[in-house]
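No hydrogens, no waters, no symmetry mates; every other heavy atom, side chains included, goes into these values. Chain naming here is simple, since letters A, B, ... match the order of the sequence lines and numbering starts at 1 in each.
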Amino acid sequence: MTENTQQAPEHRGPHSAAPADLPTQYVPAEVEEELYERWVERGYFEAHAKSEKPPYTIVIPPPNVTGSLHLGHAFQHTLMDALTRRKRMQGYESLWLPGMDHAGIATQNKVEQQLAEEGKSRQDLGREEFVDRVWQWKEEYGGKILGQMRRLGDGVDWSRERFTMDEGLSRAVQTVFKRMYDDGLIYRAERIINWCPRCLTAISDIEVEYQDDDGELVSVRYGEGEESVVVATTRAETMLGDTAIAVHPEDERYAHLVGREIKLPLTDRSIPVVADEHVDPEFGTGAVKVTPAHDPNDFEIGRRHDLPALQMMDERGTLTVHGPFEGLDRFEARSAIVAALREQGRIVSEKRPYVHSVGHCSRCKTTIEPRLSMQWWVKVGPLAQASGDAVRDGRVAIHPPELSSRYFDWVDNMHDWCISRQLWWGHRIPVWYGPDGETRCLGPDEEPPSGEGWHQDPDVLDTWFSSGLWPFSTLGWPEETPDLEKFYSTDVLLTGYDIIFFWVARMMMFGLYARDGVPPFRTVVLTGLVRDEHGKKMSKSFGNVVDPLDWMDAYGSDALRFTLASGANPGTDVPIGEDWVKASRNFANKIWNATRFALLNGATVEGPLPESAEMSAADRWILSRLGAVVAEVDAHYDGFEFARLSDTLRHFAWDEVFDWYVELSKSTFAAGGRPAEVSRRVLGEVLDTTLRLLHPVVPFVTEALWTTLTGGESLVVAEWPKDPGFRDAAAEAEIAAVQRAVTEVRRFRADQGLQPGQRVPARLVPDAEGSPLAAHEEAIRQLLRLQRPDDGFRETASLPVEGAVVALDLSGAIDVEAERKRLAKDLAAAEKELQQTTGKLGNDAFLAKAPEPVVEKIRVRKAKAEEDIARLKEQLDRLPSA
RNA sequence: GGGCGCAUAGCUCAGCGGUAGAGCGCCUGCCUUACAAGCAGGAUGUCACUGGUUCGAAUCCGGUUGUGCCCACCA
């Protein structure tokens, strides 16, 4: 490999590098790291609160410290990076704020796991030492993802990096907590919560994953003779905590029992029969055991009927009721109790398989145990209302709009949020309890109460409590900092649709509350999930998880980024496969080589663009297209249509610029003179602009090439192109005609099996009215590799194209049969077209109702079909017979 | 149980009322001095099924089937 010009010194003038030194292949590894370091050193990504420029802000969804970069991150980061880079180029004070989440339960689990390998538990260390250990762990392993972000090219402002446990962010947490506590929006209450017997903490409703598990439904007879009821249950082990039997108030089968007491099997207790609307008489026997301490429904029934709640398990799910079952695990207890009941003849109908939905801890998959427990809650009513309204009244837009229904479903039906966690890693609840049952909630600047008997609540907050403050806590709130003033509220919040509830809704609640009704962001852009090339979820068990670094190593960051952006249809999942990344790598290489060609041919960005009168049709055509593409790309950016903007750019760059325009310009360059000078300037202009347009998505390769091409400082701070509004419909039509003619002749040659080396003299014969091709004879000849006609020219084949005829001297080499077949096929197609269009135009209803442009289009099609048929027939007639 | 979405070329997906598209893959021919990570040409679809609206439906409406996701206090 030759030496890479990118290692040449910065700030060289235009074309000072010998372009021939550019290697013929783009090698990402040779430019990426160096460019990123340069960008960071020069402070391009740092935003300034004092800037006069209008702000544009995106805060990163803070990844967990425990995590490493996966394709989902790479995907979202690519989009956020593209958005902020473009805005920066457009002259905004563009801030993309990075950081990480302490991820309470996930991180604590991780460190506990590590301890377990040393044969220790967190209790062995004690709280303080354990938390130290987590911090240590965070310093050592946390933030791995931040290094990976550099590889991806993320243009984040590293000077503003935040962590949810930073001092400043902790102040924000405590400030909000205190305010909400004082406002009565945070309270403490004993309720049924979702308890994870492995993590040993409460978790919120959305941290529970329900899945259909196989269970068994057994029917058990409670009581004796007349005074007996049969209940159906899947959770026999909880019967020791039963404090009632409930039936429907209108169920005549049990009317006589309501109010009576029935003896509970395996115990000395008797429990009442109560009538409650909740019971479905159709289900099972129509009678249900009530265990208020271990089932949320039963808890409600208990409240309505003033029943005691009997806690019969400890925090690990072990039975605590005195007797033969004490000390058994909940699942062992289930079979033991069923066996005991069977022995007593109380199992009325045997177990039958029953599939029902069972909750599991989203962290460790352990079956959740509903448990009666004292916890802290956020009263969501007013906050949820405001959160819904902000979207309903348009202050916040959700993109794509289809996904807003999910948001509304959630905020409009939100239950109070359990925010306390029985963990050690996290923001400690700032509440102190006094010796006389006093409770004191402290703000960040308040000293803890001194004196005997005061102690702080041992629990910490749900990790999403601090994430919910992220858009403003990271900007300095509760202080009214210049950052907050300048960059809040943020412009776009881009994240996966899977955390609408966890994060988006909560940021809305907190943001609207803390900032007096100002929403934390104006637009929410929801992305899908990254999946494998067959649309399957990536998971360790499938073995289809891909480390983005592997692909970046193999194909470069740009290739990965471009592939991800190409797949980003709004709100839908993104499949990705290695072959696609490879294809994007090829695109990057194509950009590389096209620029190399331009440099070799003296393309320039110096001086003003030549007058359009001086330009060739090809020059005017490509500039006309360029303007249209700038406008189109802008529209796609504004609509967050990343797949479309990627497609638009790839098609324009590869097909139109790198292929047709470059090929057409070759004959111009070869001819030299003023036209060549003009084209060199136009090619420089088009490449310059195209590289700018591509930069936000593929920052590395574009930067490397653009600085060489233009001698400019950096694309990161270059200006975003504006559509100059130059359009030339005539030039566009002319070049389209050339393209069609060239394709037509190529097709002929391919059908004829003509070797490229074969000598084919040809002449372009414009018809009487002139042809748009007339001016392009030399270019066409070159594109098709046709010779000039010589004295012995003998026309043996002619191709009518675009108002002209390409006469070819094949000197008897023509394959008559192949040509006959081809013409016959074309003729059939033309006849079908004629039939269709004639039919349409003969339809009065169509003529009466269809809009004029549509009718006109059909007329044109019909005329063309007629022409084609006549021409093809003539050609067929002229073919020598075989 | 409720809600949302999707069914278009071998694969992954655009298109969403006026001649069926892209990328990858496939076939054929080319090392044409920017690029073989390339170039040229080509093949491939009753647009799930079924009614309807319309001059005209892949596109709008109803139904069916299949499929994915979300929500729900399914003893």
Quick one: which of [options] gets closest to the side chain of [X]?
| X | options | result |
| --- | --- | --- |
| K849(A) | rA34(B), rU54(B), rG15(B) | rU54(B) |
| D579(A) | rC24(B), rC35(B), rC4(B) | rC24(B) |
| N569(A) | rA34(B), rG3(B), rA14(B) | rA14(B) |

Under-3.5 Å N/O pairs linking protein and nucleotides 37-43 of chain B:
from, atom 1, to, atom 2, distance (Å)
rA37(B), O4', N586(A), OD1, 2.9
rA37(B), O2', N589(A), ND2, 3.0
rA37(B), N7, Q25(A), OE1, 3.4
rA37(B), N7, Q25(A), NE2, 2.5
rA37(B), N6, Q25(A), OE1, 2.4
rA37(B), N3, R585(A), NE, 2.9
rG38(B), OP1, N586(A), ND2, 3.1
rG38(B), O3', K590(A), NZ, 3.0
rC39(B), OP1, K590(A), NZ, 2.9
rC39(B), OP1, W654(A), NE1, 2.8
rA40(B), OP1, D659(A), OD2, 2.8
rA43(B), OP1, K825(A), NZ, 3.0

Students often get this wrong, so: under 4.0 angstrom with heavy atoms, is [X] touching a base, only sugar-phosphate, or nothing?
| X | answer |
| --- | --- |
| K840(A) | base |
| F501(A) | sugar-phosphate |
| H651(A) | nothing |
| V290(A) | nothing |
| A287(A) | base |
| E282(A) | nothing |
| V231(A) | nothing |

With [X] via salt bridge (Lys or Arg N to Asp or Glu O under 4.0 Å) - residues at least two apart:
| X | answer |
| --- | --- |
| E778(A) | R781(A), R788(A) |
| R746(A) | none |
| K857(A) | none |
| E856(A) | R859(A) |

Please set out all donor-acceptor pairs under 3.5 angstrom arising from side-chain atoms of residues 643-653 of chain A, sequence neighbours excluded.
from, atom 1, to, atom 2, distance (Å)
S646(A), OG, F642(A), O, 2.8
T648(A), OG1, E632(A), OE2, 3.2
T648(A), OG1, R644(A), O, 2.8

Holding to side-chain contact (heavy atoms from CB on, under 4.5 Å), I want the full list of residues that pass it with [X], two or more places apart in sequence or in another chain.
| X | answer |
| --- | --- |
| D409(A) | none |
| P570(A) | H399(A), P400(A), E641(A) |
| D205(A) | N194(A), H415(A) |

What's the gap between rA7(B) and rC13(B) when it is taken at their P atoms, as a whole Å value?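 Rounded to whole Å, the distance is 10 Å.
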Using the 3.5 Å cut-off, write out each protein N or O paired with an N or O of nucleotides 65-69 of chain B and the distance between them.
from, atom 1, to, atom 2, distance (Å)
rC69(B), O2', R406(A), NH2, 3.2

Look at the aromatic rings of F587(A) and W654(A) and report parallel, tilted or perpendicular, splitting at 30° and 60°.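 Ring orientation, 0 to 90° scale: parallel.
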Under a 3.5 Å cutoff on both atom distances, Watson-Crick or G-U, what's the dot-bracket for RNA chain B ([ ] crossing, | other strand)? ((((((((.[[[[.)..(..]]]].(((((.......))))).....[[[[[..)....]]]]])))))))....
Can you list everything that forms a ring-ring contact (aromatic ring centres under 6.0 Å, His included) with F502(A)? Sequence neighbours excluded, please.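 Applying ring-ring contact (aromatic ring centres under 6.0 Å, His included) to F502(A) gives W464(A).
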N843(A) CG to rG18(B) P, straight-line distance once rounded to whole Å: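 Rounding to the nearest Å, CG of N843(A) and P of rG18(B) are 17 Å apart.
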Could you check how far CG of L529(A) sits from P of rC6(B), rounded to whole Å?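 Checked: the CG to P distance equals 17 Å.
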